[in-house]
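For reference, the structure is listed below as structure tokens.
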Number of protein chains: 6
Amino acid sequence: MLRLATPDYLRFGQSDSFNANFGGGEANVAVSLANYGKDVKFVTRLPENDITEAAIRELRGFGVDTSAILRGGDRMGTYFLETGAVSRPSKVIYDRAYSAITEVTPDMFDWDKIFENAEWFHWTGITPAISQGAVDTCRIAINVANAKGITVSTDLNYRKNLWKYGKTAGEVMPELVSGCDVILGNEEDAAMTLGIKPDKMDLKSGEISGEDYLSVSQEIMKRFPKCKLVVTTLRGSVSANHNSWTGVLYDGKKLYEARTYQITHIVDRVGGGDSFMGGLIYGLLTYKNDLQKVLDFAVAASCLKHTIYGDYNRVSVAEVEKLMSGDASGRVVR
Amino acid sequence: MLRLATPDYLRFGQSDSFNANFGGGEANVAVSLANYGKDVKFVTRLPENDITEAAIRELRGFGVDTSAILRGGDRMGTYFLETGAVSRPSKVIYDRAYSAITEVTPDMFDWDKIFENAEWFHWTGITPAISQGAVDTCRIAINVANAKGITVSTDLNYRKNLWKYGKTAGEVMPELVSGCDVILGNEEDAAMTLGIKPDKMDLKSGEISGEDYLSVSQEIMKRFPKCKLVVTTLRGSVSANHNSWTGVLYDGKKLYEARTYQITHIVDRVGGGDSFMGGLIYGLLTYKNDLQKVLDFAVAASCLKHTIYGDYNRVSVAEVEKLMSGDASGRVVR
Amino acid sequence: MLRLATPDYLRFGQSDSFNANFGGGEANVAVSLANYGKDVKFVTRLPENDITEAAIRELRGFGVDTSAILRGGDRMGTYFLETGAVSRPSKVIYDRAYSAITEVTPDMFDWDKIFENAEWFHWTGITPAISQGAVDTCRIAINVANAKGITVSTDLNYRKNLWKYGKTAGEVMPELVSGCDVILGNEEDAAMTLGIKPDKMDLKSGEISGEDYLSVSQEIMKRFPKCKLVVTTLRGSVSANHNSWTGVLYDGKKLYEARTYQITHIVDRVGGGDSFMGGLIYGLLTYKNDLQKVLDFAVAASCLKHTIYGDYNRVSVAEVEKLMSGDASGRVVR
Amino acid sequence: MLRLATPDYLRFGQSDSFNANFGGGEANVAVSLANYGKDVKFVTRLPENDITEAAIRELRGFGVDTSAILRGGDRMGTYFLETGAVSRPSKVIYDRAYSAITEVTPDMFDWDKIFENAEWFHWTGITPAISQGAVDTCRIAINVANAKGITVSTDLNYRKNLWKYGKTAGEVMPELVSGCDVILGNEEDAAMTLGIKPDKMDLKSGEISGEDYLSVSQEIMKRFPKCKLVVTTLRGSVSANHNSWTGVLYDGKKLYEARTYQITHIVDRVGGGDSFMGGLIYGLLTYKNDLQKVLDFAVAASCLKHTIYGDYNRVSVAEVEKLMSGDASGRVVR
Amino acid sequence: MLRLATPDYLRFGQSDSFNANFGGGEANVAVSLANYGKDVKFVTRLPENDITEAAIRELRGFGVDTSAILRGGDRMGTYFLETGAVSRPSKVIYDRAYSAITEVTPDMFDWDKIFENAEWFHWTGITPAISQGAVDTCRIAINVANAKGITVSTDLNYRKNLWKYGKTAGEVMPELVSGCDVILGNEEDAAMTLGIKPDKMDLKSGEISGEDYLSVSQEIMKRFPKCKLVVTTLRGSVSANHNSWTGVLYDGKKLYEARTYQITHIVDRVGGGDSFMGGLIYGLLTYKNDLQKVLDFAVAASCLKHTIYGDYNRVSVAEVEKLMSGDASGRVVR
Amino acid sequence: MLRLATPDYLRFGQSDSFNANFGGGEANVAVSLANYGKDVKFVTRLPENDITEAAIRELRGFGVDTSAILRGGDRMGTYFLETGAVSRPSKVIYDRAYSAITEVTPDMFDWDKIFENAEWFHWTGITPAISQGAVDTCRIAINVANAKGITVSTDLNYRKNLWKYGKTAGEVMPELVSGCDVILGNEEDAAMTLGIKPDKMDLKSGEISGEDYLSVSQEIMKRFPKCKLVVTTLRGSVSANHNSWTGVLYDGKKLYEARTYQITHIVDRVGGGDSFMGGLIYGLLTYKNDLQKVLDFAVAASCLKHTIYGDYNRVSVAEVEKLMSGDASGRVVR
């Protein structure tokens, strides 16, 4: 997916150039994992042109296996980004209608081959939001993964402007989510895709409390028995430049909480949730049952993402672990 | 007026390029109103060259009627801007001596024609600061507006480095202000142009209190009986990056106060007062007697201006109203 | 020394260009003093090429006497800088091995001539960190200065990644420091180069207390009897964007403390210590025995440095004195 | 239409930013005419978002009447441009599938109102290339114009990668062209849209001869009896940086030829044909029957376009006339 | 003097930034000479602000003595530059009215002191073009130089848009020129300032012939008996990107001619004449009576200037001599 | 290897930023081959830091196998590039002393493993120029390749400023070259490394004749009996912007000549020879015994390189073949 962003804090129409970055929910998770040294394969469909090749070249550079990416279709999904400041929010203009991925059909992919030697399959709620073909493809992938005993995770990732092909998230998502072992979302995602809401919820207050999400997590577990972990990202939006950030993780027994970071001078918050997911998967693969460490890694990794331009989280395990260990001072390393 | 600013936070002499933007007190108000969908005409005098045409093309793009702009004279007023940070203030080097507008004389403009169908005339204290011809032209415009029953507003806008042609603001402004229905200023403006000071005043403390300005507003009303509204912008300067911002409005009966915004990551504060004036005029034309809403609109509009690069306030009514309604969270709109 | 920094907050490998600035500990002090109107000569060794000439041209432009700079050797010391944000620290990759200055030998410089009419000699702990030849050269320069009654100052400036030629700072520095009248450092410098630590010390907490450094200062004075002033910079690192900053000065009798500045939106913190030293030397030359004023000038000068891009502190005496006087409001100067 | 071009001569994937310009065949002609002082209205359909508003603001700035532009649909037509050099050709990646204009239907436009007071209607072969709805809309517009006695011109503008909705240019264009008074094209356009080829034709040789096109012009006139003028642009491509450029005009009696310009250092050749059309319409409206002058103006105007970045031809009548008069020396004007 | 140029080949109004460079006729000559290792002092008057300090810092960096530059007045002379391409000429918008230098009066300068130890004084025809005070100052400087036996040179440098204070070049220049030993100009300069024209002259043809200028040179010598050398630059303008360039020198006996350079890809032609003058003065001081070498140096030096951005000619003696020796191949030096 | 180039045509010291690109003789060949779809492995040694990782990420993105790259040593070889124009040559400042690759020793590499499944080994004369360890390593690699029957090619690539460790090219190269099957060079390379010169040779004239090189090729074949092909690149330097370019290939029987390209607007000529080598190897692997086609491919590929910024030749087989087929018109592809 191509992101075209006005530089600095310029408004649309104020700049005669766009910064160009590649990204997108699943690609962002893939890059995170590759940066942590994990073998990772990214599956999508892109049109046959030089911009696709540039996107693939960048992924391959990170070490992501791009061999399963299909070429075809008319266009690459694009979005335009205007970066906000203080009380002026960032603005996204989606231009992903009719992108190559919206036209996928289940027969295009050989999941048996794609999943060879795989131990994890991750998908996001953005895919089923774009077309019926994408839903069908996603469903089959989940089924194959389930059959092969591959761990399946999802980021619910509700985007109200994407669900345009005639179905609502509420109609589509529950079935897909039922095949998942790990479910990530924030308060709005759970409400809009699964219809599960916290008892109290005040987005504008900027105040966040992990405890409020215990009931949501429990409800999700109850509704989706395959699910072993429910993870929630908690973003408090003080302003476009200053967010608080943390997450909670529920394993059916305990609600794990993590340090709340005050991210006071955000460089780029897009991809924050994806970097959380990348950190979470890495953590689960690495720290296994030490779920506190898993959560701490995911929160610290995604905290760092907010300081990095572009969708991808360009950080190493060592950098995340340094922050996890408590050093958020930002002192020069030399 | 041409503004030439060093990029980022570079000092003069540290950059080999300048960002170029057009602006200036009255132009900024005109653009605000055009952005809110109001018909607006901008009157000035500019030299005959390609840079003038570029400035006019931008104004016309915003929808400002530029048909009354005169071509003539040697130069366009220019200023150089170095953007400060933290405790280093922004610096302005004015280069507006001998600009085309300083050479205007009353006979150059046909105010009867210019004011056809007009309901509002706005001028600022910068115009009479630059030359006797500008004072004379301004006086006649005010007189014609008064005769036609057009509402007249002024922004006192005191700039100590401009009054160089032999008269002081105190000698010139009161007569002009006496023809105004709406008077805008801050604490320094009122003191320097009208000689009216608040009882207590501590600019450096960064603390602001609307109540302190009640006496100033009352005194202005008393001195200028045509005046129906006195409006004061209140800026608290915590640092070059962080200002607090609000305003008060007095209608002879009540001092209206508005929310104080903490603008913690300023993008560009030049034009803040002009964007307030633009919001105020829009508010008065739109919300009429709901003066609280008028003031809230003006304060929210100018709060947003601080997040936008350049002199012009590039915001829509919807954006201002969203902030007015209390959503200052800066959450991504997608 | 050439600094190559990724623009904005981009990570290494994310940018296809580097901003290029010249700097380095001693050069930074020299430029500060030249900007304050002092006659200052900079002594170093640089390779014979056009980049050297560019560096020298910039220094000469500031008014620094560059006539004693030697040409020779293979390369100019270089470092790569990635600017951090929030909890992601800035990263420095040194590439100064084998630079022209590492190859100096005492016979290359005629200190008698260099010190003609000089009243002050300043060196930093970076020089003896790079090679034995640099140590020997430094020692001789200090001896000659001592013999001529020239005031000698040092900035201990410990950099752990530089001491690679076989000796430790602890082995080399004490002898050199013993020839100094003024010693500047921070808590880490004193510990690593002189082995003198404060009783309690918690770098990560971000809390700083001048009083804690009294014992260190007293211990330094005791160990180095020539020393008349011990000065300590105190940096609290809230995040990569927000530091607190102050310093203390001890004259054997009293520990002078200064205002602590909250530098909430750092533009560039590299060269902060050098700008302190530049301010300190200027202060001592100008305010003489008014040590509170000396310290206040040094702290204010280096506070301003954090708002200026590049290694050099591009501020005037008037600007520093304005901040010293208490005006940190950052209000536009026009 | 949004054009996103890599800066300088960078290849796709070599740049992390795109220069953004608005343009497109008909818009380019509109801007040319507005720059020459003609009243001109631009009709299209664009999606409702801030990028559309930016495009419209620019057009309005040039003085183009944008009141007839419809808002609706999903996306703005986009193309990506990589600028070639020497023997490496420029590359265009079209991303205009499903743009708002492709979805137009005849009922969306009230041509009677649009054509009020109009004396000229211009359309290009790009419009019927994109969808059946666009063909139908175009046909009706031509019919209404014909009925009202408005002069109709077309630029055949064949783009092989656009005709994708099931019809060929050869099937669609002749009917539309039959309603035109003025037909512009180059050798390829005539061949591909009308099936009319010159007797001999060697694109690669770079040699061009106006005479070769006499037979084509005569054949077009014979087939389309309403047509009064056939105009052909003649581009010789020596390299991506160096083109020769001229045109011929046939009025049924005489083949007018113009000077051939050697454009040795092309800045931007996109929009060359459109700028020719803009010059041609201006010439016909201004110089009337002096067809040599009309052609000379069109050729000179479009020669200048090659020196201007972006799709739009930003030149004045005076500048074109200066070149027409024979001064191609490029001497500094000061 | 401040030059503000649109980047690349953008037109005014197409760019939202200007490249900023310092320059101006006499400053350009001064920098050339400093780059060749000559001691040179630059005399002018500039307003007291940070942009002046930046200009002076750059000059001082080159080694130019700036101690005689006066501070005062309102503004620095400025010009805006749009760089042309092919048949579109570069455009200059002068904004130098009322600059500090226009307000000079003879009593401001102490020429006896300024000329201490000087052996050469150079002035250009731009100075007397701007004000009567500048003429008077120039006259006195020439007189003092003559009295001290200092060689005086002038570049006639006719700029038609500058002579606006009531006198023509023809009225003012001859008297000043009569005090000069070396006179430089091109064909237009001689015609407009001295009224001396070549027998045949066709600027637009782009063809240049040194011989044609013999009669002009002889006529100048006859009219100005103090003059020992008449030097003419010969520019053939094939296009804005491609000029031919050479010069002729007449010593009263022989017309020296030099190689004609085809400058096919001009980077920046502004300052071309000044760089010729700088090379000429260097040549006369260095090669003395070897006038062929003097001319060859001046022509080669100014040929190189066309490849360097900005007004200043940033080349070394070695680089000029390499070109003089015949190596114009542009092969990489590594 | 890191290349730091001033942007546009700015001189060193005129720009405050450098464009950063990775490259270097062997890396350039590797990237060419990867772009043509060949499996290629790049062997070198680089220091352990983030800039190395960026370089490797880019190579991996192109599809180059980077698994054999060693991490170690102090620094990455660097060079600074100032791009020339017209008669001002480009300038290279090497800063590759003490780079990680200069410190290699034969024991660091396991050539048996590196050469597994390899059919070709390419090295250049730059490697033995930097240190004795590099010579020794190179010799062993050649020997192992010879033993395994792997084709060995070399680019003689003489750089006079690199041979600084005590040996001359003439002493070192012949032994290494004796193990090669394919030898590439230009006239200077053969003369300086092998002592073989053409009968007549005039570099400055810019005239090139393939025939002149027959004797050189024959002499090389005679001296190095293992050699099956001698290939010579022929560059005529009309100016820094305009080179002519072709090559000849001699197989012991026939001297194959190719079309000479006039590259009139060079974008970047660095890496031209490497791109020739990349094309040659691809050609030999693909077109086998059709040596005319092999040569044509190499010449066309490297002709295109001159239009691409950076060291790497970013072209596809299809693009090279299009040029080979004779289409050098640079017409827009859309």
Side-chain angles (χ1 to χ4, degrees), chain E residues 5 7-9 19-23 31 35 58 61-62 83 85-86 241-245 259-269 272 275 299-316 318-334, chain F residues 3 5-16 79-96 126 129 157-162 186 188 202-208 235-244 262-273:
Chain E
D8 302 318
Y9 293 101
N19 291 333
N21 286 82
F22 297 108
V31 169
N35 280 337
E58 188 178 39
F62 281 115
T83 303
V86 202
N241 302 86
H242 177 185
N243 285 188
S244 65
W245 180 256
R259 171 178 172 182
T260 297
Y261 291 96
Q262 294 300 323
I263 311 176
T264 53
H265 299 71
I266 293 172
V267 173
D268 192 341
R269 56 135 290 174
S275 65
V299 172
S302 47
C303 171
L304 286 171
K305 167 59 197 73
H306 290 75
T307 72
I308 294 168
Y309 193 74
D311 271 38
Y312 296 143
N313 193 17
R314 297 160 178 267
V315 293
S316 66
E319 289 172 326
V320 178
E321 289 184 340
K322 187 183 171 198
L323 181 53
M324 267 170 82
S325 79
D327 183 357
S329 70
R331 279 187 182 263
V332 181
V333 174
R334 57 182 156 192
Chain F
R3 154 180 149 171
T6 55
D8 303 319
Y9 293 101
L10 296 182
R11 302 219 72 177
F12 288 128
Q14 218 181 348
S15 167
D16 49 13
Y79 74 98
F80 296 88
L81 175 66
E82 174 189 286
T83 303
V86 201
S87 51
R88 176 170 61 80
S90 289
K91 253 180 143 167
V92 168
I93 299 179
Y94 280 121
D95 182 19
R96 46 198 301 173
I126 287 173
N157 239 346
Y158 179 71
R159 297 282 181 273
K160 72 174 185 294
N161 285 320
L162 291 182
N186 63 19
E188 189 193 12
D202 181 3
L203 295 187
K204 286 181 192 162
S205 75
E207 288 180 32
I208 49 177
R235 182 186 296 279
S237 201
V238 180
S239 78
N241 301 86
H242 177 186
N243 285 189
S244 65
Q262 294 299 325
I263 311 175
T264 53
H265 299 71
I266 293 172
V267 173
D268 192 340
R269 56 134 291 175
V270 179

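In what follows, chains carry the letters A, B, and so on, assigned in the order in which the sequence lines appear, proteins first and then strands, with residues in each chain numbered from 1.
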Could you list which of residues 87-94 of chain F have a heavy atom closer than 4.5 Å to any heavy atom of chain E, in residue-number order?
F/S87, F/R88, F/P89, F/S90, F/K91, F/V92, F/Y94
Between E/I263 and chain F, with a heavy-atom cut-off of 4.5 Å, which part of the residue counts as in contact: side chain, backbone, both or neither?
both
Atom group of E/V267 that falls short of 4.5 Å from chain F, counting heavy atoms:
side chain
Show the nearest heavy-atom pair for residues F/L10 and F/S15, with the distance to one decimal.
CD1-CB, 3.7 Å
Residue pair E/G330 / F/S237: nearest heavy atoms and the distance that separates them
C-OG, 4.1 Å
E/N241 (side chain) donor-acceptor with E/H265 (main chain) under 3.5 angstrom:
no
Just by modelled atom types, is the E/G310 backbone N or O under 3.5 Å from a matching donor or acceptor in the E/D268 side chain?
yes
Can you tell if the side chain of E/H306 reaches within under 4.5 Å of the side chain of E/Y261, non-hydrogen atoms only?
no
Presence of salt bridge, E/E319 and F/R11, under 4.0 angstrom:
yes
Answer with side chain, backbone, both or neither: which region of F/T264 has an atom nearer than 4.5 Å to a non-hydrogen atom of chain E?
backbone
For chain E, which of F/E82, F/H242, F/R269 has the most heavy-atom pairs under 4.5 Å?
F/R269
Interatomic spacing from CZ in E/R334 to CG in F/L162 - rounded to 0.5 Å
9.5 Å
For F/A5, check side chain to side chain contact (heavy atoms under 4.5 Å, CB included) against everything at least two apart and list the hits.
F/R3, F/L81, F/Y309
